[in-house]
There are 2 protein chains.
Amino acid sequence: MVNSQAVERPANLSKMAAIAPKPVVKDAILDATDRLLARFGYRKMTVEDIAAEAGIGKGTIYLHFSSKEEVVLSHVDRIVERLKDRLREIASSDATAAERLRLMLLTRVLFRFDSIQHYTQSLNDLLAALRPGLLARRALYFEAEAEIFAEVLVIGRQSGEFSFDDEHVTAHALLQATNGLLPYSLSTTELGERAEVEQRASDVANLMLQGLLSRTTS
Amino acid sequence: MVNSQAVERPANLSKMAAIAPKPVVKDAILDATDRLLARFGYRKMTVEDIAAEAGIGKGTIYLHFSSKEEVVLSHVDRIVERLKDRLREIASSDATAAERLRLMLLTRVLFRFDSIQHYTQSLNDLLAALRPGLLARRALYFEAEAEIFAEVLVIGRQSGEFSFDDEHVTAHALLQATNGLLPYSLSTTELGERAEVEQRASDVANLMLQGLLSRTTS
DNA sequence: ATACTGACTGGAATTCGATTTTGGTCAACA
DNA sequence: TGTTGACCAAAATCGAATTCCAGTCAGTAT
């Protein structure tokens, strides 16, 4: 439940580190988790393993996270958080709106692919153990992503580049169309080669974007 | 391995039933399988159960299928075969090519949804047991579907309704975009309400089709 | 105080051998 | 000639003994 992103009332700036104790340690825990997930998978990775890998005591983990499950879910959260940063970066670049959306769609697929392809065989394990928690967050992830996409859509419409009715519906459709390429239930090996996934994402993106382009421009 | 679809050299027409013994029985076995999958799931359903439900002896199952796994995979094959019939039906209707594709996309999603929503909780079980076999067939299913879609695409282009480069790439993109709504790894309950799934499929289809429409028509 | 730790605990997971179930075969049967 | 169900080996299941580990908290260090 501790979310370093949410900044509520920075009451005492000099004591920020105390309010959310040592974000450096928190990140070290998540880094360790990433390495160990790749090496052992979810079930065989113990909390003591994580602590040792991070160079801290086991109890310290519980000062930052409420449970082992929460550690791993936060790790996934961090991946998505970084993805969102990347998406916002692309969203505010100076390419055409269509080019930005295209790159954003490719990125949302490939960033996830790259983030978890390290632990391929252990993914099923993780998924089986955390399915309920992950499904709950999936919806939140998509919603957050949709907002970023919607902004670019609106900008593209203002400039006359795009033509569409509802930006939220359209944003969700864009995400939905690429969801089949996300390694949520199919592992990265089952999805196919990276290059092939990229090609498929690209083909889908091209077709969708063609549908967005304003009829008047051509 | 016994595939009633593949018609190789119908040597003796009067003995067809002997070459592929009693397709009626075969269908009865698959019908029984469908009912029992819903009731018990894959693992708890025994071959003897199937035989009893179909009103035949256990050994008879093995005159039609090489293994229990093959029985269930053939059951899935039959679902897809029926779906393809439905798709071809729509493909040859007299609506506009866009309307046909739209309906075909909705159908490929909802037909699957309806076909397996009976056995929701037992789906994970089935998926875990048959994953390798199912993944292998998935590719074949998509390929076969893509062909039907490609035909409609070509017709739409001939009539000037559509504009696109490669019909196979485009057909695959259409399928890929709706794959995320198929109950392959996510069960029907995890996908959401039927109406919601329908809405999402519809939104995606609309956007994709918008991209196909020829620029000249508007 | 405050930040951290690791020994400790109960419940969960694993192991392993005994027992039961079941996928697949085939000799007998209709 | 087509069908069957008793039969067999392999797999699944069970259950008790054992190990393991997530989470706690008294204690240490700072």
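Sequence lines set the chain letters: A, B, ... in the order given, protein chains first and strands last, and positions in each chain run from 1.
- Residues that satisfy the side chain to side chain donor-acceptor pair (under 3.5 Å) test with A/S202, not counting sequence neighbours, are A/R102.
- With rounding to whole Å, A/H64 atom NE2 is found 13 Å from C/dT5 atom C1'.
- Not counting sequence neighbours, B/R82 has no partner by the side chain to side chain donor-acceptor pair (under 3.5 Å) test.
- In this structure, A/R86 fails the cation-pi test against A/F111, since its NZ or CZ atom is not both closer than 6.0 Å to the six-membered ring centre and inside 45 degrees of the ring normal.
- Across the protein-nucleic acid pair, A/I29 atom CD1 and C/dC4 atom C1' stand 12 Å apart, rounded to whole Å.
- The distance from atom CG of A/L63 to atom P of C/dG6 is 13 Å, rounded to the nearest whole Å.
- Under the 30°/60° scheme for interplanar angles, the aromatic rings of A/Y119 and A/H75 are found to be tilted.
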Sequence-aligned protein contact record of nucleotides 21-30 of chain C, with B where the base is within under 4.0 Å of a protein heavy atom and S where only the sugar-phosphate is: -SBBB-----
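- Side-chain contact of B/D49 with B/T46: a donor-acceptor pair under 3.5 Å is present, judged by distance alone.
- In this structure, B/I50 atom CD1 and D/dT4 atom P are separated by 15 Å, rounded to whole Å.
- Helix-axis bend for the helix from C/dA1-D/dT30 to C/dA30-D/dT1: the local axis fitted to the five terminal pairs at one end deviates from that at the other end by 30°, rounded to 10°.
- For A/A171, the side chain to side chain contact (heavy atoms under 4.5 Å, CB included) partners two or more places apart in sequence, or in a different chain, are A/A146, A/F149, A/A150, A/L153.
- Rounding to whole angstrom units, CD1 of residue A/I61 and P of D/dT24 are separated by 13 Å.
- Across all strands, B/I56 comes closer than 4.0 Å only to sugar-phosphate atoms, never to a base (heavy-atom distances).
- Within the structure, salt bridge (charged side-chain N to carboxylate O under 4.0 Å, His left out) contacts touching residues 59-68 of chain A (residues at least two apart or in different chains) do not occur.
- Remark: B/K26 is positioned above the aromatic ring of B/F65, its terminal NZ or CZ atom under 6.0 angstrom from the ring centre and at most 45 degrees off the axis.
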